[in-house]
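Read the numbers this way: they start at 1 and go in the same order the structure lists the ligands and their atoms. Nothing here was measured: the structure is a model prediction, and the numbers come from that model.
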Amino acid sequence: MSDKYDVIVIGAGPGGYVAAIKAAQLGLKTACVESWTSEDGKSQVLGGTCLNVGCIPSKALLEISHKFEEASNDYEMQGIIAKDVKIDVAKMMERKLGMVKQLTGGIAGLFKANGVTSIHGHGKLLANRRVEVTDKDGKTKTYEAENVVIATGSKPIEIPPAPMTEGHIVDSEGALEFEEVPKRLGVIGAGVIGLELGSVWARLGAEVTMLEAQDTFLPAVDQQVAKEALKQYRKQGLDIVLGGRVTGAEVKRKLVNVSYEDSEGKQELKVDKLIVAVGRRPLTDNLLAADSGVSLDERGFIFVDDQCKTEAPGVWAVGDVVRGPMLAHKAMEEGVMVVERIAGKKPQVNYDCIPNVIYTSPEVAWVGKTEEQLKTEGEAYKVGTFPFAANGRAMAANSTAGLVKIIADEKTDRILGFHVVGPQASEIVAQGVIAMEFGSSAEDLALTCFAHPTLSESVHEAALAVDGGAIHIANRRKKK
Ligand SMILES: Cc1cc2nc3c(=O)[nH]c(=O)nc-3n(C[C@H](O)[C@H](O)[C@H](O)COP(=O)(O)OP(=O)(O)OC[C@H]3O[C@@H](n4cnc5c(N)ncnc54)[C@H](O)[C@@H]3O)c2cc1C
């Protein structure tokens with residue numbers, strides 16, 4: 001077979017593997033280059049950050065730890081006697097690994113079924129859409145393509161005051177691998193990843209302190225929702241310190257001594273493990289030859305337009321390595337858009353309708369604009385909210401914290417923002433995404449029949465509340 005392809009994808013994470021499969025489905029001769037190698041150094045591993053050390057393993061541990069916490073704390077009041085519930089961390093990790101293996105192996109199967117050629121090695125983009133691949137033994141080979149899709153993803157940001165150490169100061173990857181529950185755990189960064197990982201270990205018994213440099217909790221989230229989430233997290237024992245700037249961390253006698261400053265001055269914290277979860281950076285290490293024609297923006301992301309085209313003709317870039325939210329589904333949508341454009345179609349990702357989820361308990365999920373954004377933009381809007389405390393299904397599930405909040409345009413009633421904090425927010429938010437994709441008004445949702453009893457009835461009621469017509473709660477009087 002010749003080494004010339006219609007499409008070569010570099011990276012087999014959600015952006016890359018989805019692009020490769022879709023390209024092959026569209027009849028394009030496709031190869032995907034991935035450097036990830038199994039621990040024994042023998043085989044290639046597909047799936048990227050998301051499947052190996054991100055979305056899937058973190059959700060596996062969140063699900064298991066949630067069940068453990070429920071069984072330990074919430075069963076008795078429901079009449080279930082489950083005394084001395086214990087966690088076997090090794091077994092939990094074995095199950096997580098099993099899921100990861102099944103899913104990453106599944107992608108290899110999908111590549112085969114769709115006719116995608118998988119190339120194991122590090123890809124480097126040369127001039128004129130040539131890709132040089134260095135294999136694990138250091139041998140290089142150059143491939144040619146009509147189109148190249150870069151999907152090399154991201155990696156954790158390290159901070160000078162808290163450099164990684166073997167086993168004590170770790171990033172998100174290390175935090176998914178602890179062999180036992182740390183007695184005291186520190187987390188730097190109260191963002192999505194920090195909150196999820198902190199929750200896992202807190203549920204299993206760790207005393208968790210989270211140090212967040214910003215004064216505002218979850219600044220990108222609607223602040224009514226963020227406040228409710230913060231209240232619930234603190235109730236669960238997550239000690240979240242806002243305005244806490246870490247100045248140093250050192251390991252002494254198997255303990256991590258963390259120094260930080262908050263509004264009251266210098267502070268010290270001693271923990272058994274410290275997770276650094278301050279964010280992720282685009283991964284372009286040794287990726288671009290000087291004459292590749294692809295440039296980076298000022299923050300190190302590959303520079304692309306709205307359709308993910310780079311400045312080099314025929315070279316595209318998708319996912320975490322380009323601007324926009326670092327989310328798996330965003331990467332996948334961009335991968336599909338790009339290869340469909342290569343095949344002559346004209347799709348466009350709707351960046352206004354990308355949902356965000358924090359898989360804590362309660363979950364937090366949203367799509368569209370927050371009240372704070374609309375205020376800054378000077379848009380006139382109206383709001384409807386409905387608390388899960390007034391939802392029968394939530395009561396039956398013993399999960400009544402949180403609310404649904406719908407924000408609509410004051411004049412046109414078009415839904416501008418859809419926010420949920422509460423049970424299954426990650427699933428409920430899809431209703432907001434669909435409604436917004438279809439240009440729905442709040443009234444459209446209010447006129448829709450929702451099954452009873454379901455958590456989704458809270459969406460119905462919040463939509464009714466936008467115009468003061470909720471049935472199962474007293475409506476707020478409109479300000480004149
Ligand atoms: C702990 C954690 C939890 C997360 N949870 C969620 C979640 O619940 N939902 C969600 O939407 N997102 C989540 N994310 C984010 C999500 O993982 C990323 O947004 C997603 O993986 C981005 O996909 P990608 O294809 O752009 O990059 P990646 O998944 O990072 O894949 C890039 C791939 O490219 C390979 N590569 C890099 N350079 C080269 C090269 N030069 N040659 C060959 N191969 C190369 C890498 O080995 C990697 O396999 C989470 C992330 C973390 C860390």
For [X], look at atom [atom1] and say whether over 12 heavy atoms of other residues, nucleotides or ligands are found less than 6.0 Å away.
X: Gln348; atom1: CD; answer: yes
X: Glu363; atom1: CD; answer: yes
X: Arg95; atom1: CZ; answer: no

Shortest protein contact, [atom] (heavy atom only):
atom: atom 16 (C) of ligand 1; result: Cys55 SG, 3.9 Å
atom: atom 19 (O) of ligand 1; result: Asp320 OD1, 2.9 Å
atom: atom 8 (O) of ligand 1; result: Lys59 NZ, 2.6 Å
atom: atom 29 (O) of ligand 1; result: Thr49 N, 3.0 Å
atom: atom 53 (C) of ligand 1; result: Arg280 NH1, 3.4 Å
atom: atom 2 (C) of ligand 1; result: Gly54 CA, 3.4 Å

Using heavy atoms and a threshold below 4.0 Å, how should the contact between Ser154 and ligand 1 be classified: side chain, backbone, both, or neither?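 The backbone, only.
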Compute the shortest N/O to N/O distance between Gly319 and ligand 1 and return yes if it is under 3.5 Å, no if not.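 Looking only at distances, the answer is no, because the N/O contact criterion of under 3.5 Å is not met.
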If we only count N/O pairs under 3.5 Å, is Tyr359 in contact with ligand 1?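 No; the residue has no nitrogen or oxygen that sits under 3.5 Å from a nitrogen or oxygen of the ligand.
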Take every heavy atom of Gly121, measure it against each atom of ligand 1, and state whether any distance is under 4.0 Å.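 It does; at least one heavy atom falls under 4.0 Å.
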For atom 21 (O) of ligand 1, which of the options Ala12, Ala151, Cys50 provides the nearest non-hydrogen atom?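 Closest candidate by heavy-atom distance is Cys50.
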In a table with atom names and distances, give each donor-acceptor pair under 3.5 Å that connects a side chain of residues 168-178 to protein atoms at least two apart or in another chain.
residue, atom, partner, partner atom, Å
His168, NE2, Lys254, O, 3.4
Asp171, OD1, Glu173, N, 3.0
Asp171, OD1, Gly174, N, 3.2
Glu177, OE2, Lys96, NZ, 3.3

